[in-house]
Amino acid sequence: MAASSAIASSSTTFINKKDVGLSAFSSQASFSVQTARKRISKRIVSVMTPQQTERKPATTGSVKTGMTMTEKILAKASDKPDVSPGDNVWVNVDVLMTHDVCGPGSIGIFKKEFGQNAKVWDREKLVIIPDHYIFTTDERANRNVDILRDFCNEQNIKYFYDIKDLGNFRANPDYKGVCHVALAQEGHCRPGEVLLGTDSHTCTAGAFGQFATGIGNTDAGFVLGTGKILLKVPPTLRFVMDGEMPDYLLAKDLILQIIGEISVAGATYKAMEFVGTTVESLTMEERMTLCNMVVEAGGKNGVIPADKTTYDYLEGRTSVPYEPVYSDEGARYLKEYRFDVSKLEPLVAKPHSPDNRALARECKDVKIDRVYIGSCTGGKTEDFMAAAKVFLASGKKVKVPTFLVPATQKVWMDVYSLPVPGSGGKTCSQIFEEAGCDTPASPSCGACLGGPKDTYARMNEAQVCVSTTNRNFPGRMGHKEGQIYLASPYTAAASALTGYVTDPREFLQ
């Protein structure tokens, strides 16, 4: 199992800063992005958890309770001065996303409840992205996209990323690919906002300092007609990650460490807030990976404070003004976990659960049949750069079929155009070709969920796969008897080179 020494402390005890002489996370006022460029988040050194009994009002006046980031966003979105965990509030939605799997059902509920001729609450706040079952001859899957197209034409939806030519995705300038990555690339993720999506991994967008979570078709149908949703305010778990990130680790290792620590039920209907010097050092794409898998721990949402890295990423992607929020000094957390990231090792999640954590080096005798690099978790530009780095360092060819599925059209172009550092100008695609990998496929969710039988890289027989995806349940990626080892792009690439689950330090040190 993973090194437990990585956990410095975990506490549920109420700590009074006057007793211990420590200051908590500094209060941060909401302010516009134009004045937020130089914000630097601060470490937490004390944590207060919710009281177990009702707190009576003070006789001298009202008592102001600090709020977490998640609570502040939901308070603002529900037009309330403050909220507390457990409160049920009507929230105004800033963005609703749906895709080809859940979109038709959500549209059907909307029309049934609001009328065949009803109009959506805001044509510019709805984002529709076909991405799951795209490059297939399955007529039902293709019909789903037709339903989305008809609805968007009827409603004059501004942000519909359509695809018509399934034979050549590049002939579709509007088509993007995986919804969670496309939402970020197209500027739909903004600090302080509420973003909902009919996909559990909508929590990815919490990397931008917003409240982002997945909802079902019924809720989405209601949001389509009203722009509102009834939400219960979640309590917050805080994860403090400090220390210099070793060269052989990626954010996927960090989130596997956390899920392995708290289990797949450890954050059920809770917000997961990530802070610390390590988190501050992560790129936006790595922060997206961290937030992407909070739902694998049962989390309602994941969130990371916005900072210069956030603002730089958003520069030129959105013209919509936004207002970041930050946790107050007196914010109450259900529990705090601390990690010294410098002590962590490369991890995998063994079949058949994301919390079945093990060190990669402990699984070196596991023979594999294939490697899959892709999905909203591991199919971003930096994920392919990481894999290329391992292949380049080894100078060897892969021992098993290695499938590559860029998340979006932009990522696909990056794979073919951006030089890999230290390669003498070679692109990822050139390095992949030299290593004997499959040609990078058309951008989509690919085989992650399984999909129709003809989905690229789908496991149509019982095989063992090392994958950069987010779930390894039976039936995931296609075959109910398949075995999936979740891993970072580093570990996936290293495993492709040996034909066994492999610690990437074998090639990166």
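When reading the values below, keep in mind they use all heavy atoms of this one structure, side chains included, and skip hydrogens, waters and symmetry mates.
- Under a 3.5 Å cut-off, the side chain of N356 and the backbone N or O of A349 do not form any donor-acceptor pair.
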- Test T213 against N301 for side-chain hydrogen bond (donor to acceptor under 3.5 Å, both in side chains), laying out the working first. CA-CA 5 Å; T213 195; N301 67 298; over 6 Å; no
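- Side-chain atoms of D383 and T468 form no donor-acceptor pair, as typed in the model, at a separation below 3.5 Å.
- For the residue pair Q463/R370, the side-chain donor-acceptor check at 3.5 Å is satisfied.
- A donor-acceptor pair is defined here as one N or O able to donate and one able to accept, closer than 3.5 Å; such a pair exists between the side chain of S327 and the backbone of M69.
- Considering all non-hydrogen atoms of both residues, S106 and T198 come closest at OG-CG2, 3.7 Å.
- With hydrogens and angles left out, the side-chain atoms of D199 and H99 include a donor and acceptor closer than 3.5 Å.
- F403 has its ring centre no less than 6.0 Å from the ring centre of Y372.
- Summarising the geometry, atom CG belonging to L254 is positioned 10.0 Å from atom OG belonging to S488; distances are rounded to the nearest 0.5 Å.
- Counting heavy atoms from C-beta outward, F339 and I258 have side chains that approach closer than 4.5 Å.
- Side-chain atoms of Y485 never come within 3.5 Å of backbone atoms of V464 as a donor-acceptor pair (strictly under, hydrogens ignored).
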- Task: Check the pair R505, Y248 against side-chain contact (heavy atoms from CB on, under 4.5 Å), reporting the backbone distance first and the verdict last.
- Result: CA-CA 6 Å; R505 288 177 290 184; Y248 46 80; 3.5 Å; yes
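- Of the possible polar contacts, one joining the D138 side chain to the A141 backbone as a donor-acceptor pair under 3.5 Å is found.
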- Task: Could you walk me through whether L183 and V127 pass side-chain contact (heavy atoms from CB on, under 4.5 Å), step by step?
- Result: CA-CA 8 Å; L183 281 169; V127 182; 4.0 Å; yes
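- Taking both residues in full, the closest heavy atoms of N472 and P354 are given as OD1-N, 3.2 Å, listed atom of the first, atom of the second, then distance.
- Under the 4.5 Å side-chain criterion, counting only non-hydrogen atoms from C-beta, T202 is not in contact with L196.
- The distance from the CE atom of M284 to the CD atom of Q185 is 12.0 Å, given to the nearest 0.5 Å.
- Between S84 and R332 the shortest heavy-atom distance is OG-NH2, 3.5 Å.
- Taking the side chain as every heavy atom from C-beta outward, E244 and V341 never approach each other to under 4.5 Å.
- A donor-acceptor pair is defined here as one N or O able to donate and one able to accept, closer than 3.5 Å; no such pair exists between the side chain of T498 and the backbone of A496.
- Of the possible polar contacts, none joining the D454 side chain to the T136 backbone as a donor-acceptor pair under 3.5 Å is found.
- A 4.5 Å side-chain heavy-atom check between M293 and T289 finds every atom pair outside the cut-off.
- Closest heavy-atom contact between A494 and P504: CB-CA, 3.7 Å.
- Residues satisfying the salt bridge (charged side-chain N to carboxylate O under 4.0 Å, His left out) test with K300, not counting sequence neighbours, are none.
- For R361, the salt bridge (charged side-chain N to carboxylate O under 4.0 Å, His left out) test picks out E345, with sequence neighbours left out.
- Between the side chains of T377 and N292, at least one donor N or O lies within less than 3.5 Å of an accepting N or O.
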- Any chance you could lay out the side-chain contact (heavy atoms from CB on, under 4.5 Å) test for Y490 and L508, step after step, and finish with the verdict? CA-CA 9 Å; Y490 278 164; L508 293 178; 3.9 Å; yes
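- Among all heavy-atom pairs drawn from L314 and P191, the shortest one is CD1-CD, 3.5 Å.
- At a cut-off of 3.5 Å, with distance as the only test, no side-chain donor of T283 or Y313 sits close to an acceptor on the other residue.
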- Message: Walk me through whether V194 and Q210 qualify under side-chain contact (heavy atoms from CB on, under 4.5 Å).
- Response: CA-CA 6 Å; V194 173; Q210 66 182 156; over 6 Å; no
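- Counting only residues at least two apart or in different chains, salt bridge (charged side-chain N to carboxylate O under 4.0 Å, His left out) contacts with residues 185-194 comprise K176-E186, R190-E193.
- Separation of the F507 and F391 ring centroids does not fall under the 6.0 Å cut-off.
- Judged purely by atom type and a 3.5 angstrom limit, K410 has no side-chain atom pairing as donor or acceptor with the backbone of T408.
- With hydrogens and angles ignored, the 3.5 Å screen pairs no side-chain donor or acceptor of D253 with any backbone N or O of P346.
- Between T381 and E285 the shortest side-chain heavy-atom distance falls below 4.5 Å.
- A 4.5 Å side-chain heavy-atom check between Y311 and P324 finds at least one atom pair inside the cut-off.
- Each of E481, R476, M477 was checked for a side chain to side chain contact (heavy atoms under 4.5 Å, CB included) with H479, and the lone residue meeting it is E481.
- Under the 4.0 Å criterion applied to side-chain N and carboxylate O atoms, R338 and E336 are assigned as salt-bridge partners.
- Taking NZ of K367 as the start and OH of Y500 as the end, the distance is 5.5 Å to the nearest 0.5 Å.
- Side chains of S375 and T469: a donor-acceptor N/O pair is absent below 3.5 angstrom, by distance only.
- In this model, a donor atom of one side chain and an acceptor atom of the other lie less than 3.5 Å apart for T277 and D242.
- Partners of R287 by salt bridge (charged side-chain N to carboxylate O under 4.0 Å, His left out), not counting sequence neighbours, listed by chain and number: D307.
- Because its NZ or CZ atom is both nearer than 6.0 Å to the ring centre of Y269 and within 45° of the ring axis, K232 counts as a cation-pi partner of that residue.
- Residues passing the salt bridge (charged side-chain N to carboxylate O under 4.0 Å, His left out) test with E71, sequence neighbours excluded: none.
- Here the straight-line distance linking atom CG of D94 with atom CG of L195 works out to 8.0 Å at 0.5 Å rounding.
- The minimum heavy-atom distance between K228 and W90, with the atom names listed, is CB-CE3, 4.2 Å.
- Without hydrogens or angle criteria, K252 side chain to A487 main chain gives a donor-acceptor distance under 3.5 Å.
- Below 30°, between 30° and 60°, or above 60°: for H201 and H180 the angle between ring planes is above 60°, a perpendicular geometry.
- Using a 4.5 Å heavy-atom threshold, the side chains of C291 and F274 count as touching.
- Within 6.0 Å of CG in D247 there are 12 or fewer heavy atoms belonging to other residues, nucleotides or ligands.
- Taken from SG in C179 to CG in D100, the straight-line distance is 9.0 Å, to the nearest 0.5 Å.
- A heavy-atom distance below 4.5 Å is not found between the side chains of K335 and I262.
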In a table with atom names and distances, give each donor-acceptor pair under 3.5 Å that connects a side chain of residues 437-451 to protein atoms at least two apart or in another chain.
residue: D438; atom: OD2; partner: Y456; partner atom: OH; Å: 3.3
residue: S444; atom: OG; partner: G446; partner atom: N; Å: 2.9

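- In this structure, CG in L486 is found 11.5 Å from NE2 in H352, a value given to the nearest 0.5 Å.
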